[in-house]
Amino acid sequence: MAQQQQQQDNAPAVTWEDFVYNNLIRYGAVMGVALFGSHGNLVYAHGCLSDGGDRELWGQVKDLFTKLPPEEDQQVNRVLTFHVGQRSTTFRVYQMTQNSAYGTTEKQQRGIVVCNLPLGILVALHEERFPASKAISVVENFCDLLRA
């Protein structure tokens, strides 16, 4: 038993980059990822969300999970517009849960998954070539690992 514990203690630590790659990126489901701390600091960015537009993106998602009174909540038009590469892209949120939001562009060429985490928010973009349901599943599984 002591030898088994010693082996676990000597196991090489997984880097953050390896953790993200092994549990999210390697599936090819997302074209961009941004992870924000609870105060809006960019903790990690990859792909098309690593181009320096994090302030604009944080401004769009930071209040997405703020609880509103039911009468106001029905009137909120949840639209996220920010730059992806050189283009301004608009995503209309079509489903919200307590900890997640899912949206798509007008022609459903791209989708967005926004996950509310205990210490921040993760934003992931996916393209139409990868089915939205699978992309959402990959991102949600990754967020479950971060919540554990």
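Residues: numbered from 1 along the sequence shown.
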Check your understanding: Which atoms form the tightest heavy-atom contact between F130 and H126, and what is the distance?
Key -> O-ND1, 4.2 Å

Review point. Can L122 and V114 be said to form a side-chain contact (heavy atoms from CB on, under 4.5 Å), step by step?
Key: CA-CA 6 Å; L122 181 126; V114 183; over 6 Å; no

Which atom pairs, donor and acceptor, lie under 3.5 Å between side-chain atoms of residues 15-26 and protein residues at least two apart or in another chain?
{"residue": "T15", "atom": "OG1", "partner": "D18", "partner atom": "N", "Å": "3.1"}
{"residue": "T15", "atom": "OG1", "partner": "D18", "partner atom": "OD2", "Å": "3.2"}
{"residue": "N22", "atom": "ND2", "partner": "D18", "partner atom": "O", "Å": "3.1"}
{"residue": "N23", "atom": "ND2", "partner": "F19", "partner atom": "O", "Å": "2.9"}
{"residue": "R26", "atom": "NE", "partner": "N22", "partner atom": "O", "Å": "2.7"}

Return the [atom1] to [atom2] distance between [X] and [Y], rounded to the nearest 0.5 Å.
X    : Y    : atom1 : atom2 : result
I112 : I136 : CD1   : CD1   : 11.0 Å
L119 : L35  : CG    : CG    : 9.5 Å
M31  : H46  : CE    : NE2   : 10.5 Å

Practice item. Determine whether the aromatic ring centres of F82 and F91 lie less than 6.0 Å apart. Key: yes

Review point. Does the side chain of R78 come within less than 4.5 Å of M96's, by heavy atoms?
Key: yes

Exercise for review: Using a 4.5 Å cut-off on heavy atoms from C-beta on, say whether the side chain of R110 contacts that of T89.
Suggested key: yes

Check your understanding: Pick from D54, N41, L117, V43: which one makes a side chain to side chain contact (heavy atoms under 4.5 Å, CB included) with F36?
Key -> D54

Point to revise | Set of side-chain hydrogen bond (donor to acceptor under 3.5 Å, both in side chains) partners for T81, sequence neighbours left out | key: T90

Review point. With sequence neighbours left out, what residues match R147 under side-chain hydrogen bond (donor to acceptor under 3.5 Å, both in side chains)?
Key: D144

